[in-house]
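Okay, structure first, notes after.
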2 protein chains.
Amino acid sequence: MAARLTTSSHALLGLLAIQPWTGYELTQQATRSLRFAWPKSERLLYTEPKKLVQLGLATAHEDAIGQRSRTVYAITDEGRAALSAWMKTTPKPPVLEAEALLRLLFAENGTTDDIMAALDSMAADAADLYEQVATINTGYLDGEHPFPQRTHLSVLFATFQLELFDLIIRWVAFAKNEIATWPTTEGLGMTDRTESILNEIKNRRSVLEL
Amino acid sequence: MAARLTTSSHALLGLLAIQPWTGYELTQQATRSLRFAWPKSERLLYTEPKKLVQLGLATAHEDAIGQRSRTVYAITDEGRAALSAWMKTTPKPPVLEAEALLRLLFAENGTTDDIMAALDSMAADAADLYEQVATINTGYLDGEHPFPQRTHLSVLFATFQLELFDLIIRWVAFAKNEIATWPTTEGLGMTDRTESILNEIKNRRSVLEL
DNA sequence: TGACAATACTGCAACTTGCAGTATTGTTCA
DNA sequence: TGAACAATACTGCAAGTTGCAGTATTGTCA
């Protein structure tokens, strides 16, 4: 078990740098904010802190509440050092995973209704996430931030999420509008609209290059 | 080895539905287009078709070229049926993985220069990807699509990528502008600008609700 | 024609997920 | 008040996935 430090390790260190948390609390916090930039399974969130302890980047101490004993994790100086060092490294490129877009790419294997439904689903998911982020953030105006001194970070972070979800919703409307003109999903090739979209891309590009 | 059908299985089936490919060709195709919606490792792309064969969704036949024998995979009727069935199911929500955003969330553990550099890196990656997608797509105007009858799908798919990359580039400019006003990464809390951003979010939201 | 890059893979350890299962703690309602 | 059932707070494990090192053939340029 060589155990190298992954991005997930650093994400957990980032949370521990704020304050000590129990394993369960870490999963809760990760669901609240972290997942929008680094979505990881609950399972991993429970496992990872143990690795940090093994590596000396965090400490664990048992805190018995009734019958149930909870492990509270805290960051060490080594942990803070590792976190600062990581902040200076180059981040990995952003990556989007979207099953609905995958279905668009292979839409010829289904009906126009199928692809419309997939896009609707993506837009509904985005609308849902928009609501969640907007609700949490507007709450900060009423002093509901658990770490008020971090509000500037949370909010700037949230602006990206909101713009992304907004983009998805708007793009789905555009895409459905296109697809509505298709008699079928298959074999259309270079339609007039496709050609005009491509010309727009080409023109915008030549403008950028000047 | 129970071997269930994953989204990645269906992604490969989607490629095989277009035409038969060798393992290597599948990895090339996946890098070209598939990765923008469903980014998977080269390693998996080599392994997955073998599973499809085991499940009877694809066939494999050896095609010796010189000393080297390549396996050509082709979809079966069962494979096409599985693909059509999958097109009718609800897609998973879209997910973004962005290490640079993770650093923003924990920016207090580094300098303003650190976070600026991370954001620059994200914008540069987006600019790069924009170029790649735009180049491939404008090429379609000159008849460079390997499967001309699929142009309508490729192009509509690409419009999302381009908008996303454009959003990233624009948002990074906005975020850097904000951060430029910060004396430090830490402890700023609810600044005037943070408050005005939140008010914008709140107002836009109340408009949407009417 | 030998060197070196590019192509076309495989093996394996470690990372990650999904899901089933377990055991406390909290709540509800007869 | 105590039985039932939901919510909380986890663990075990098989299977899915990645990264990287390694290998062998093919192409190319001097």
Side-chain angles (χ1 to χ4, degrees), chain A residues 1-13 20-32 34-35 37-55 57 60-73 89-90 92-93 95 97 99 102, chain B residues 1-13 20-32 34-35 37-55 57 60-73 89-90 92-93 95 97 99 102:
Chain A
M1 188 188 283
R4 53 178 254 277
L5 279 190
T6 63
T7 300
S8 303
S9 315
H10 291 105
L12 268 297
L13 279 177
W21 310 86
T22 67
Y24 182 67
E25 284 166 344
L26 284 171
T27 67
Q28 298 314 100
Q29 281 307 310
T31 309
R32 196 184 149 93
L34 215 143
R35 95 170 132 123
W38 201 249
K40 292 293 125 178
S41 68
E42 199 196 40
R43 194 66 193 81
L44 180 71
L45 268 9
Y46 272 115
T47 311
E48 198 63 30
K50 298 177 182 174
K51 206 174 83 181
L52 296 178
V53 172
Q54 267 183 30
L55 293 167
L57 304 176
H61 80 95
E62 296 293 317
D63 179 16
I65 304 225
Q67 298 295 72
R68 176 175 290 172
S69 82
R70 299 128 57 83
T71 307
V72 181
Y73 297 98
T89 62
T90 303
K92 298 196 190 97
V95 177
E97 220 174 71
E99 234 194 57
L102 191 58
Chain B
M1 186 190 286
R4 52 177 256 277
L5 279 190
T6 64
T7 301
S8 303
S9 316
H10 291 105
L12 268 296
L13 279 178
W21 310 87
T22 68
Y24 181 68
E25 285 167 343
L26 283 171
T27 67
Q28 298 314 99
Q29 281 308 308
T31 309
R32 196 185 151 92
L34 215 143
R35 93 170 133 124
W38 201 248
K40 292 293 125 179
S41 68
E42 200 196 39
R43 194 65 193 84
L44 180 71
L45 268 9
Y46 272 116
T47 311
E48 198 63 30
K50 297 177 183 175
K51 205 173 85 179
L52 295 179
V53 172
Q54 267 183 30
L55 293 167
L57 305 177
H61 79 97
E62 296 292 318
D63 178 16
I65 303 228
Q67 298 294 72
R68 176 174 289 171
S69 83
R70 301 129 56 84
T71 308
V72 180
Y73 297 97
T89 63
T90 304
K92 299 195 190 98
V95 176
E97 222 173 74
E99 237 196 52
L102 192 57

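So that the names make sense, note that chain A is the first sequence line, chain B the second, and so on, each numbered from 1.
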Distance check needed: [N] [atom2] versus [X] [atom1], whole Å only.
X     : N      : atom1 : atom2 : answer
A/L12 : C/dT16 : CG    : C1'   : 13 Å
A/E48 : D/dC10 : CD    : P     : 16 Å
B/E97 : C/dT17 : CD    : C1'   : 13 Å
B/Y46 : D/dT17 : OH    : P     : 18 Å
B/Q28 : C/dC9  : CD    : C1'   : 12 Å
B/L55 : D/dA15 : CG    : P     : 13 Å
A/K51 : C/dT16 : NZ    : C1'   : 10 Å
B/L45 : D/dT17 : CG    : P     : 11 Å

Can you name the residues that form a side-chain contact (heavy atoms from CB on, under 4.5 Å) with [X], not counting sequence neighbours?
X     : answer
A/E25 : A/W21, A/T22, A/R70
A/T89 : A/W86, B/R103
B/T90 : A/S121

What distance do A/L12 atom CG and A/L57 atom CG have between them, rounded to the nearest 0.5 Å? 11.0 Å

All N/O contacts under 3.5 Å from nucleotides 18-25 of chain D to the protein, with atom names and distances to one decimal?
residue	atom	partner	partner atom	Å
D/dT18	OP2	B/S41	N	2.9
D/dT18	OP2	B/S41	OG	2.9
D/dT25	O2	B/R68	NH2	2.8

Would you tabulate the side-chain donor-acceptor contacts of residues 37-46 of chain B under 3.5 Å, counting partners in other chains and residues two or more places apart, or write 'none'?
residue	atom	partner	partner atom	Å
B/W38	NE1	B/S8	OG	3.0
B/S41	OG	B/L44	N	3.3
B/R43	NH1	B/T47	OG1	3.1

What contact category does B/S8 fall into here, base, sugar-phosphate, or nothing, at under 4.0 angstrom with non-hydrogen atoms?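 The answer is sugar-phosphate, as B/S8 gets under 4.0 Å only of primed atoms, P, OP1 or OP2.
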
Listed partners of A/K92 passing salt bridge (charged side-chain N to carboxylate O under 4.0 Å, His left out), at least two apart: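 In terms of salt bridge (charged side-chain N to carboxylate O under 4.0 Å, His left out), with neighbours along the sequence ignored, A/K92 is linked to B/E99.
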
